[in-house]
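Everything below concerns the one structure shown next.
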Protein chains: 2
Amino acid sequence: MAPALLTAFVGGQEGPWRVERIDKVIGPTLPKVDRLQIVSGNDRGLGRSLWVLRGVTSNMRYTERDEANELSARQEGLGRPQSSMAALIPIRKSEAWWELAQDERRAVFEEQSRHIGIGLEFLPAIARRLHHCRELGEPFDFLTWFEYAPEDAQRFEDLVGRLRSTPEWRFVDHEVDIRLSR
Amino acid sequence: MAPALLTAFVGGQEGPWRVERIDKVIGPTLPKVDRLQIVSGNDRGLGRSLWVLRGVTSNMRYTERDEANELSARQEGLGRPQSSMAALIPIRKSEAWWELAQDERRAVFEEQSRHIGIGLEFLPAIARRLHHCRELGEPFDFLTWFEYAPEDAQRFEDLVGRLRSTPEWRFVDHEVDIRLSR
């Protein structure tokens, strides 16, 4: 595992990723911007931004050893040349979620919703990186960044559609869906 | 559960808590200060400080529902008038710990080390609040604040002694022990 990495997703006029659209899924949306820049650490983005979302990579919260091994064996990293499409999906979960004990959250997350199992079905096509932001006092709890090739675009729709129909998603009270290309 | 609360422990010349001693347990210590001030949110402390440690309360990471119910039934809050003694114990865990999957960390934490079970034995005498700081880029991963009455001082020594002898503590690679009174 790489050390925890603070990442800022900077929406504005600069950056390699063109923002195709920003869709409101649950709750308020974010203002449309032309470009997205991904900035590591505490570096500042170039140019003026309309919004900045910050998150940090962290340890696994629900994944068990067998699942972690299967994920490692199948997944590929970010930045593959053919991955010219991306999505940034910020979500926030309800207070009811955060009040659950660890075993209750694990049961909803995997035994009821198969969050890890569904993700595995789409590897290695859909690469992802999860950033945590609840402890940072940010407006969202998680920022998930996905990368994939144009020929996998429909598979990506299937992935998000399936996740959004799970019992876990009943605990999501804010979600925005940002689609990008380069 | 209260909303996540950012807390700064400010070591310097100000504050209600007198710092009795600062002991190095594992790794480097912190400079001795006279007083500790506990500041909520992003407020600034009063006066000049020698060090500031920040952490945020968060959701349970290992505690299961039955354990959570037992903790809630037995524990008392911070700020009891008779709790004139306190300890702030910052710890950092090794990369080996953070690379473990969730089920592996739970097994070390509770099935092997009885971290929750040991804590329960000392309730309600020893009140505590855990603050997370790994995601904040802080030098420690956790700051635990304990409060107790002078007649429970020996029990507090028993508690920290027992925790430090567990398999979980083999993953602690930095620990400082700050004792206070008011």
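- Atom CG of Leu100(B) is separated from atom OG1 of Thr63(A) by 13.0 Å, given to the nearest 0.5 angstrom.
- With rounding to the nearest 0.5 angstrom, the CZ atom of Arg61(B) is 8.5 Å from the OH atom of Tyr62(A).
- Contact between Ala101(A) and Met60(B) at its shortest, heavy atoms only, is CA-CE, 3.7 Å.
- Residues Phe156(A) and Ile178(A) do not share a hydrophobic cluster, defined by chaining ILVMFWY side chains whose heavy atoms lie under 4.5 Å apart.
- If you chain together hydrophobic residues whose side chains sit under 4.5 Å apart, Ile116(A) and Trp97(A) fall into the same group.
- Linking ILVMFWY side-chain heavy atoms closer than 4.5 Å, directly or via other members, places Leu130(B) and Ile89(B) in a single hydrophobic cluster.
- Residues Leu163(B) and Val25(B) share a single hydrophobic cluster, defined by chaining ILVMFWY side chains whose heavy atoms lie under 4.5 Å apart.
- Under the side chain to side chain contact (heavy atoms under 4.5 Å, CB included) test applied with Asn59(B), the options Glu135(A), Glu99(A), Lys93(A) reduce to a single match, Glu135(A).
- Residues Gln102(B) and Arg65(A) are not in side-chain contact: their nearest non-hydrogen atoms beyond the backbone lie 4.5 Å or more apart.
- By the rule that hydrophobic residues join a cluster once side-chain heavy atoms approach within less than 4.5 Å of another member, Trp145(B) and Val172(B) end up as members of separate clusters.
- Only the side chain of Arg105(B) has a heavy atom closer than 4.5 Å to any heavy atom of chain A.
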